[in-house]
2 protein chains.
Amino acid sequence: MENTVENIRAQMRKGLLDYCILSILGKHEAYASSLIEELKAAGMIVVEGTLYPLLIRQKNQGLLDYRWEESTQGPPRKYYVLSDKGREQLAQMDAAWQEIIDSVNTLKRV
Amino acid sequence: MENTVENIRAQMRKGLLDYCILSILGKHEAYASSLIEELKAAGMIVVEGTLYPLLIRQKNQGLLDYRWEESTQGPPRKYYVLSDKGREQLAQMDAAWQEIIDSVNTLKRV
DNA sequence: TTTGGTACTTTGCGATACAAGGTATTAGAA
DNA sequence: TTCTAATACCTTGTATCGCAAAGTACCAAA
């Protein structure tokens with residue numbers, strides 16, 4: 001892999017996508033395409049081939065539920081919502097994320 | 001993969017190890033075992049099977065140089081130092097890391 | 001009825017973190 | 001001398017993940 005700035009960022013993003021998805025769904029329900037838009041707006045680029053398997057994994061882990069909803073502009077949408085278990089996991093991820101930041105800060109110090 | 005706290009942290013660590021190694025070597029030279037100790041002290045658990053290939057990759061990318069040094073307590077140690085290219089990369093990684101934090105913060109906001 | 005837009009899904013590949021096992025050097029004990 | 005323990009470096013095989021690319025399906029408007 002080349003050392004481009006984008007590749008550096010891509011590598012750092014890895015492992016945070018699960019957290020980002022749960023964070024968004026912790027605020028409001030969403031369907032895949034809208035998740036991609038929201039992630040992109042925040043600077044977290046994700047593509048379909050990454051997101052769909054990820055949502056299926058989280059659903060299979062019991063972190064998410066979903067319901068189908070008709071759209072006026074195309075095929076029906078699969079709206080995902082956070083389950084109770086998903087909320088617990090999100091809380092743990094919030095803590096884990098803070099610890100990671102602390103760890104990096106510790107390493108940067110002196 | 002189970003949803004244990006440790007697994008959550010492990011996933012988030014992924015992609016940050018390169019950055020952590022360069023950050024440490026940006027402060028002082030080090031050999032593999034000492035890197036593991038310093039990472040562990042900061043809460044960034046890494047094992048040998050991860051670190052050695054990583055150091056070899058970074059060396060092959062021209063980010064690191066190394067020199068052998070005798071030890072009074074065992075076999076010789078391979079001390080790694082940051083190359084000029086490694087320093088440039090570290091600077092880019094510092095920026096990328098800050099952007100990642102900003103992105104997550106943006107997602108968490110309302 | 002055909003085209004374009006939206007949305008969901010799958011397949012195959014490359015990269016990486018890790019567990020587990022292996023090699024080599026040194027110092028000190030038996 | 002030989003064996004053991006500690007230190008240190010390295011490799012192999014596996015699982016997972018992110019992504020590019022291709023595929024399927026629905027709907028509305030031309």
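By convention in this document, chain letters (A, B, ...) are assigned in the order of the sequence lines, proteins followed by strands, and residues within each chain are numbered from 1. Excluded from the calculations below are hydrogen atoms, water molecules and symmetry mates; all remaining heavy atoms, backbone and side chain alike, are included. All of these numbers come straight from a predicted model, not from anything done at the bench.
A tilted orientation is assigned to the rings of A/Trp97 and A/Tyr19, their planes being inclined by 30° to 60°.
In terms of phosphate contacts, B/Arg13 brings no side-chain nitrogen or oxygen within less than 4.0 Å of OP1 or OP2 of C/dT16. Distances shorter than 4.0 Å separate some side-chain N or O of A/Lys78 from OP1 or OP2 on C/dT9. The side chain of A/Tyr52 places an N or O atom within less than 4.0 Å of a non-bridging phosphate oxygen (OP1 or OP2) of C/dC8. For C/dC8, the OP1/OP2 oxygens have a side-chain nitrogen or oxygen of A/Ser33 closer than 4.0 Å. Taking only side-chain nitrogens and oxygens, A/Arg57 comes nearer than 4.0 Å to OP1 or OP2 of D/dG18.
Judged by atom type and distance alone, B/Glu48 reaches the base of D/dC9 through a side-chain donor-acceptor pair under 3.5 Å.
Checked for salt-bridge contact, A/Arg13 and B/Glu99 miss the test: no charged N lies under 4.0 Å from a carboxylate O. Note on B/Arg67 versus B/Glu69: salt bridge recorded, some NZ/NE/NH1/NH2 to OD/OE distance being below 4.0 Å. The pair A/Asp65-A/Lys59 does not meet the salt-bridge criterion, since no charged nitrogen lies less than 4.0 angstrom from a carboxylate oxygen. With salt bridges taken as basic N to acidic carboxylate O contacts below 4.0 Å, one links A/Glu38 and A/Lys27.
In this structure, A/Leu55 atom CG and C/dT10 atom C1' are separated by 15 Å, rounded to whole Å. Remark: P of C/dT9 and CD1 of A/Ile56 are 5 Å apart, rounded to the nearest angstrom. Summarising the geometry, the separation between CD on A/Gln11 and P on C/dG14 is reported as 18 Å, rounded to the nearest angstrom.
A rotation axis mapping the C1' atoms of four pairs onto the next four is fitted at both ends of the helix from C/dT1-D/dA30 to C/dA30-D/dT1 over five pairs, and the angle between these axes is 20° to 10 degrees.
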Report task. Under the side-chain contact (heavy atoms from CB on, under 4.5 Å) rule, what do B/Ser23 and B/Leu90 come out as? Steps first, then yes or no, please. Result -> CA-CA 7 Å; B/Ser23 290; B/Leu90 176 56; 3.7 Å; yes
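Between A/Gly15 and A/Thr72, the residue whose closest nucleotide on DNA chain D is further toward the 5' end is A/Gly15. Of the residues near DNA chain C, A/Pro76 and B/Gln73, the one whose nearest nucleotide (by heavy atom distance) lies more toward the 5' end is A/Pro76. Position along DNA chain D of the nearest nucleotide to A/Gly74 versus A/Val47 favours A/Val47 as the more 5'-ward residue.
Note that B/Lys78 lies outside the cation-pi zone of B/Tyr31, set by a 6.0 Å cut-off to the ring centre and a 45° limit from the axis.
Among D/dC19, C/dC18, D/dT7, the nucleotide with an atom closest to any side-chain atom of A/Thr50 is D/dC19.
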